[in-house]
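Taking it in order: structure first as structure tokens, then the write-up.
Proteins get letters first, then strands, A, B, ... in listed order; numbering begins at 1 in each.
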Amino acid sequence: MSDVAPITEDYTTDELMIVNAARQLGALAAAGRPVCFVGIGLPSTAANLARRLYSPAPVLVYESGCIGSKPTRLPLSIGDGELGETADAVVSVPEIFAYWLQAGRIDVGFLGGAQLDKYANINSTVIGDYEHPSTRLPGAGGAPEIAASAGAVMVIMRQSKRAFVERCDFRSSVGYGDGPGDRQRFGLQGGGPKWVITDLGVLEPDPVTCELTMVALHPGVSREHAVAATGWSLQFAGEVSTTTPPTAGELDALRVLQAA
Amino acid sequence: MSDVAPITEDYTTDELMIVNAARQLGALAAAGRPVCFVGIGLPSTAANLARRLYSPAPVLVYESGCIGSKPTRLPLSIGDGELGETADAVVSVPEIFAYWLQAGRIDVGFLGGAQLDKYANINSTVIGDYEHPSTRLPGAGGAPEIAASAGAVMVIMRQSKRAFVERCDFRSSVGYGDGPGDRQRFGLQGGGPKWVITDLGVLEPDPVTCELTMVALHPGVSREHAVAATGWSLQFAGEVSTTTPPTAGELDALRVLQAA
Amino acid sequence: MSRISSLHDAVAELVVDGDTVALEGFTHLIPHAAGHEIIRQGRRDLHLVRMTPDMVYDQLIGAGCATKLTFSWGGNPGVGSLQRFRDAVENQWPHPLEIEEHSHAGMATRYAAGAANLPFGILRGYVGTGLPEHTSTITQIECPFTGESLTAVPALRPDVSIVHAQRADREGNVQMWGLTGVQKEAVLAAKRSIVTVEEIVDHLEPVPYSVVLPWWVVTAVCEVPNGAHPSFAMGYSVRDNAFYKAWDAVSKDRESFTAWIEQHVLGTTTYEEFRRSAGVEVPASV
Amino acid sequence: MSRISSLHDAVAELVVDGDTVALEGFTHLIPHAAGHEIIRQGRRDLHLVRMTPDMVYDQLIGAGCATKLTFSWGGNPGVGSLQRFRDAVENQWPHPLEIEEHSHAGMATRYAAGAANLPFGILRGYVGTGLPEHTSTITQIECPFTGESLTAVPALRPDVSIVHAQRADREGNVQMWGLTGVQKEAVLAAKRSIVTVEEIVDHLEPVPYSVVLPWWVVTAVCEVPNGAHPSFAMGYSVRDNAFYKAWDAVSKDRESFTAWIEQHVLGTTTYEEFRRSAGVEVPASV
């Protein structure tokens, strides 16, 4: 095996999203270890992968009250025992939200949901009318305050016309509201969503309009494909890059992590 | 030594006050173990003596965050190590005031101070004018909220014209304010001062006027003596009892405790 | 009732029709056995409260015990929806379920306010979301010093809070450790409380990051080994992920759900019997 | 400055003339050595904050470092008055000392609000006492749900908080145990923080009832064995009650105080030198 890990296309879209999310955390880590507020699922996997791939490693904080967890395997749930056993500190749930998230000590929060709109507002509450929903979803959970208080938010979601909508049926968490100036008007102290990692590429808010704009496409994904998978009139950045496919090293590390 | 412990007069006024305070706790304990919010000094000694003399024993909570401490010797300070080592739980200072005292979980609080007035308001802040005090005292500390929230308050203070005043120079903690109805008007949830144990006897608030009234005198103390040691026109209860002198058993237990 | 009692007696005496009841647990230490006992005893019109209603709330709702739910996230973590919760909200089956919806931070603030005997708590939260429009217990308040606008939420004061812990001593002092979530606040905020424990011991050895609830703030302690299954008790068991996954199929339709509840919950008298009936093993701690 | 530094460098860089500074400790773990270093470096115009200012604040005030004190109880526990504090309030020596006076509960609420990034906190307190009349940072607020009146106090946000702890690891994670008072809140509420520790170790073993402050919320960690003397560090030393009693005579008049400070604090460069100069032994833990 050569020094430069060979590129392989033998990966799933989940793996593609996880690796790209982990890389973004790695880029942040180089500028000072980011403190990440982690849920379960893809964001937890990405954050744990980044812990293995990058030095200095991101610091993981779980909303269940674990600060500085260093799990050796992927936690199955947010209350997984190992999260507590490997933590620097374990605190109560009221404390984690008040003294840590609300206090602005979290650099990166993660969100996902059923719908995302062009201003990066997210719906994880209901499809349809709130009082008479066609689909009742789990609800907002930690999202409103993660979106309000984390230094930056990373969204990981599969891109589709059904999910990437012009306007969410319900606003469970705020991205940029109805556009520029809304975060300031709402008094939100965090920086808001900075990256949306999808199975097709990466979107970022336009610095002027705050509208989510495609800044990168994964290898083999066309602009038309991205446009067709977006419910609003998708804009592209001046320069749209192509992401580097997951390397064998990245995939190995991820699969070892998931098998542990 | 006979079964009935002999009465001895060989005791100090501190011992007299401590024993009488401990007995009051013992009487409460018989009706259900009282949870006591304890500082250092005479109240701590009285509460610890009650723990040794009465079963079921009072539960001791220290404002430093110790819940259910069972010290084997008298703590020298409120932060004494043994208080934590023998506690059922140790919590933070913000928690002890919010979740335990303010929540109404304390049955008996203890107070003392430089001045006490006839409505059991206490001054531990300044003698003279607040802005230009003749004597600057330590301040209110935990007293305002102990006086507000404890189920009942026990005051332990030496009785003298200088200390037992018509009106305090400063109100550090509230007894009955300016008389009947003031506690309700202030929205105070606790029951207020119920017993004032002095070196001359015991005072209790009159059920109608709320004025502190002498209900018991220690052996050998005359009404005239008590009147002369009180800065307001001291009233006596319809029936004024004489306290039982400290027994040899009580004094032994107290001295063993203090020598430990 | 003595402080140490059977779960049957504790629920019979302390959980009353129409009560506001919080069974708390954040993935870890979820008081499942107590939830079953409430179903068995046929409680009705309960206002259920929990940050993260999961399978046991799905069962309580589907069994018709609840008419209101106050919560912040209702799902089967890592698996999907709560089918009975959805059926109640979407189709009013078995009857309508009023919901009062908050965020995690808001619920935590509300429990903490309740534990501290304050009528409300404040936080930076909810602003810009759709929640304040639909939830009347979210409002704004002005800082009297800076003029800043903050969110206020009322204290939660359940009639009964129920939690599961690792151990209690014979006096009824309770000790739990690992991730203890909002359980201390839930118990301290409630008028009455029931704590099920893995075991009752002579002496509680201090454990790092443990929460201790002294006997005088707990109404009843019940020894129910594995009472948190399929959730877990750190040091005693691990999470039964297979059981959580299997719940999806059981709860998918009303008939299979009802048959399951009738056979395994209503048809048994203890949580141990339930587990035998349902053919589940508790995965032991390694 | 690296996270692990000398106390001299930490104070030189992080404590600035005019700062609001909290040296916290509730009898246990009082950061005495850090107080001396502030005196040695001649800081002026400090706004000192502490629930229980004791001997080390008496020294800072007498040495002319402070122009304001925010506090709730200022005394020498079990001994008597703080003579230098009294001389400053009663006679403006060495210069006037503005005071902002609260209760313990109010101060704890203020630190907790600061740690939570809220502009104020609420409590049931102060009502009927003389404090609200003299302290502008106490006001009333109405519950938006019940209409009840409660007391509001503004958050404390010190420029620097300084605490003493038992241990830190080489990354700068700090661990303290026993009675830890309001120290976690004081550090989390502050813009910058200094933690002096008994020792720096390779690995922090979890300890029951411990508070851990991760490296990323602490600005500087300084290894200062016995840095809490004459207070104590549970597991390392016991309280030097004789030293507290002796302070009464030293501090009684301005001349003996000034001579003491000049000889033992200004005339030395470290806390260990100070102790040798003052002829004190640290009572070891049994």
Which portion of [X] sits near chain B, non-hydrogen atoms under 4.5 angstrom:
| X | answer |
| --- | --- |
| D:Phe85 | side chain |
| D:Glu133 | neither |
| D:Ile99 | side chain |
| D:Met51 | side chain |
| D:Thr109 | neither |

Open item on the list: Looking at B:Arg171 and B:Asp178, is there a salt bridge between them, counting it only when a charged N and a carboxylate O are closer than 4.0 Å?
Closed with: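 Salt bridge: yes.
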Task: Salt-bridge present (B:Arg158, B:Asp14; N to O < 4.0 Å) - done: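 A salt bridge links B:Arg158 with B:Asp14.
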Could you tell me which portion of [X] (side chain, backbone, both or neither) has an atom closer than 4.5 angstrom to a non-hydrogen atom of chain D?
| X | result |
| --- | --- |
| B:Phe186 | both |
| B:Leu188 | side chain |
| B:Gln189 | side chain |
| B:Ser172 | backbone |

Open item on the list: I'd like to verify something: which residue of B:Asn123, B:Val91, B:Thr135, B:Leu101 has the highest number of heavy-atom pairs under 4.5 Å with chain D?
Closed with: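 Ranked by contacts with chain D, first place is B:Thr135.
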Open item on the list: So that I know where these two stand, are D:His28 and D:Phe232 an aromatic pair - ring centroids less than 6.0 Å apart?
Closed with: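 Yes, close enough.
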Using a 4.5 angstrom heavy-atom cutoff, name the option from [options] with the most pairs to chain B.
| options | value |
| --- | --- |
| D:Gly235, D:Gly121, D:Gly80, D:Gly128 | D:Gly128 |
| D:Gly125, D:Gly181, D:Ser231 | D:Gly181 |
| D:Gln183, D:Arg86, D:Met234 | D:Arg86 |

Ignoring hydrogens and angles, write down the donor-acceptor pairs under 3.5 Å from the side chains of residues 253-260 of chain B, residues two or more places apart or on other chains.
from	atom 1	to	atom 2	distance (Å)
B:Arg255	NE	B:Glu15	OE2	3.0
B:Arg255	NH2	B:Asp10	O	2.8
B:Arg255	NH2	B:Glu15	OE1	2.9

- [ ] Sort out for me which residue in D:Val282, D:Thr196, D:Asp240 forms a side-chain contact (heavy atoms from CB on, under 4.5 Å) with D:Asn226.
- [x]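 Among D:Val282, D:Thr196, D:Asp240, the one that satisfies the side-chain contact (heavy atoms from CB on, under 4.5 Å) with D:Asn226 is D:Val282.
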TODO: Taking side-chain hydrogen bond (donor to acceptor under 3.5 Å, both in side chains) as the test, write out the residues that go with B:Arg52, two or more places apart.
DONE: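 None.
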Open item on the list: With no hydrogens and no angle check, just 3.5 Å: does a side-chain donor-acceptor pair link D:Asp248 and D:Gln83?
Closed with: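 Checked: D:Asp248/D:Gln83 side chains pair up, N/O donor to acceptor below 3.5 Å.
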Task: Sole candidate of D:Phe71, D:Trp73, D:Tyr126, D:Tyr111 that passes ring pair (Phe, Tyr, Trp, His ring centres under 6.0 Å) when paired with D:His102 - done: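 Exactly one pass, corresponding to D:Tyr126.
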Open item on the list: Suppose a student defines contact as a heavy atom less than 4.5 Å from any heavy atom of chain D. Which residues in residues 140-157 of chain B would they list?
Closed with: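 Answer by number: B:Ala140, B:Gly141, B:Gly142, B:Pro144, B:Glu145.
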TODO: Check the angle between the aromatic planes of B:Phe97 and B:Phe37 and answer parallel, tilted or perpendicular using the 30° and 60° thresholds.
DONE: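 Rings of B:Phe97 and B:Phe37: perpendicular, over 60°.
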- [ ] Anything under 30° is parallel, anything over 60° is perpendicular, the rest tilted; go ahead and classify D:Tyr236 against D:Trp177.
- [x]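 Answer is tilted, since the angle falls between 30° and 60°.
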TODO: Apply side-chain contact (heavy atoms from CB on, under 4.5 Å) to B:Cys210 and list each qualifying residue two or more places apart in sequence or on a separate chain.
DONE: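 Scan of B:Cys210 (side-chain contact (heavy atoms from CB on, under 4.5 Å), adjacent residues dropped) gives B:Tyr119, B:Tyr176, B:Pro180.
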TODO: Determine, for D:Tyr244 and D:Arg239, whether the Lys NZ or Arg CZ falls below 6.0 Å from the six-membered ring centre while staying within 45 degrees of the axis.
DONE: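 Yes, D:Arg239 lies over the aromatic ring of D:Tyr244.
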